[in-house]
Amino acid sequence: TFKTEYQPPTGGTTEQEIFERFPAFLMPFFRKEGQRMAISKIRPRHASEGRSIAAVLKDRIDYDKNPDKTKGGLLVSSYQCSADTAWQEFALSKQIYEAETGRKRDPEKDVISYLIIQSFKPGEISPEDANKLGYQLALEFTGGQHQFLVATHVDKRHIHCHIEFNSTTLDCTHKFRDFLGSGRAVA
C-alpha cells in the first residue's frame, strides 16, 4: 500500500514550521509579505516521434529524478506510486483506462502526463521546504485523484520543483481535463 501523507526527504523544517512560515501555502499563489513567492506553470506531455508512451514517460521521469539535480535522489517524493517505478505505474494505468473505458487517442494527441514547474527566487527557500510545497501544490491541484512525483532540482541558482502527474485518475476511469485558466491556478 502507498502512504497518502507527505513523506519528506531528510532534513528541512517540520510541517508545522512550514504552516507558520507560509500560512497560505495551500492557495494557488504562494506569498511572502504580500509578494508572490513561487512561480508555477503547467505543461501537457504527449508521446512524440513514434515513441511509445512508456518510453516517453520513462525518459521524462528519469530526467525529473536525475540524482545530479536532486541531491542523489533525496529530494524526490511521490504520491500513490513509487518514485522508482512511477513511469511504469503511469503507463499501466493508461492500459487499464483503455481496457475499462474503450477510449483510445492517437498517442501524439493524447496527454499522457502533466508537468508543473514551480520555481523560487535564489535563497528564498530550502530544497526540503520547496519539496514539501511542491507536494502540497500537487495534492491540492489534483485533488488527490492522480499519482504524482515531485523532484526538487538544486542544480541552478534558483530552486525549482518538477511535478509530474499522471493524466489518468487513480481509479483509471477518466483523465485530468485541462481547464481554461489551469495555468493561472498554479501560477
Side-chain angles (χ1 to χ4, degrees), residues 1-43 45 57-90 113-166 170 176 182-187:
T1 62
F2 297 107
K3 295 183 180 182
T4 58
E5 293 184 25
Y6 175 74
Q7 299 299 311
T10 57
T13 56
T14 66
E15 189 169 312
Q16 182 60 37
E17 289 169 328
I18 291 289
F19 278 107
E20 291 169 5
R21 188 167 165 208
F22 306 114
F25 84 103
L26 291 178
M27 295 172 50
F29 294 93
F30 300 115
R31 299 185 181 279
K32 185 176 181 182
E33 297 174 13
Q35 296 180 349
R36 178 181 276 181
M37 188 180 131
I39 297 173
S40 303
K41 53 189 169 186
I42 184 169
R43 295 181 184 157
R45 303 279 211 166
L57 285 168
K58 181 181 185 325
D59 287 350
R60 291 178 177 169
I61 291 175
D62 282 351
Y63 175 82
D64 294 339
K65 298 185 321 179
N66 182 335
D68 294 334
K69 299 172 183 281
T70 60
K71 288 189 180 178
L74 293 175
L75 296 172
V76 177
S77 56
S78 61
Y79 174 77
Q80 295 294 320
C81 62
S82 165
D84 294 332
T85 59
W87 71 268
Q88 293 142 319
E89 295 177 56
F90 283 26
S113 67
Y114 288 86
L115 170 67
I116 298 173
I117 298 176
Q118 183 182 40
S119 301
F120 300 90
K121 292 179 186 174
E124 181 173 48
I125 192 169
S126 73
E128 295 81 10
D129 290 346
N131 192 272
K132 288 178 183 180
L133 285 174
Y135 187 95
Q136 286 302 130
L137 172 63
L139 191 61
E140 211 36 43
F141 188 75
T142 66
Q145 296 300 307
H146 299 263
Q147 299 166 306
F148 62 78
L149 176 116
V150 180
T152 303
H153 288 194
V154 293
D155 60 322
K156 307 246 189 256
R157 277 193 59 226
H158 67 283
I159 293 169
H160 59 283
C161 295
H162 287 229
I163 303 164
E164 201 81 50
F165 75 89
N166 192 348
L170 291 169
F176 179 81
S182 63
R184 284 185 297 220
V186 298

| query | If only atom types and distance count, is the side chain of Y79 paired as donor or acceptor with the main-chain N or O of G144 below 3.5 Å? | reply | yes
| note | d(Q147 CD, S82 OG) to nearest 0.5 Å is 10.5 Å
| How far does OH of Y135 sit from SG of C161, to the nearest 0.5 angstrom? | 13.5 Å
| Euclidean distance, N166 CG relative to E89 CD, rounded to 0.5 Å | 9.5 Å
| remark: For A130 and I125 the tightest heavy-atom approach is N-CD1, 3.6 Å
| said: Going by the rule salt bridge (charged side-chain N to carboxylate O under 4.0 Å, His left out), which residues pair with K65 if we only count those two or more places apart in sequence or in a different chain? | reply: none
| said: Please enumerate all residues that pass ring-ring contact (aromatic ring centres under 6.0 Å, His included) together with Y114, with sequence neighbours excluded. | reply: F165, F176
| query | Is F90 close to I61 at the side-chain level, that is, under 4.5 Å between some pair of heavy atoms? | reply | yes
| salt bridge (charged side-chain N to carboxylate O under 4.0 Å, His left out) partners for R45, two or more places apart | E164
| query | Rounded to the nearest 0.5 Å, how far does CD of Q118 lie from CD1 of I42? | reply | 12.5 Å
| query | Out of curiosity, Q80 CD to H146 NE2, how far, rounded to the nearest 0.5 Å? | reply | 12.0 Å
| task | Output yes when a side-chain donor or acceptor of S126 lies under 3.5 Å from a complementary backbone atom of D129, and no otherwise. | result | yes
| By side chain to side chain donor-acceptor pair (under 3.5 Å), which residues pair with D59, not counting sequence neighbours? | R51
| message | Could you tell me if the side chain of F141 sits less than 4.5 Å from the side chain of I163, heavy atoms only? | response | no
| task | Mind checking the CG-OG1 spacing from L74 to T70? Nearest 0.5 Å is all I need. | result | 7.5 Å
| Pairwise salt bridge (charged side-chain N to carboxylate O under 4.0 Å, His left out) hits with a residue in residues 71-87, at least two apart | K71-E128
Please list, one pair per line, the donor and acceptor atoms closer than 3.5 Å that link side chains of residues 152-159 to other protein atoms, with sequence neighbours excluded.
residue	atom	partner	partner atom	Å
T152	OG1	N131	ND2	3.0
H153	NE2	D64	O	2.7
D155	OD2	K69	NZ	2.8

| message | Quick one, L115 and R60 - any side-chain contact, counting heavy atoms below 4.5 Å? | response | no
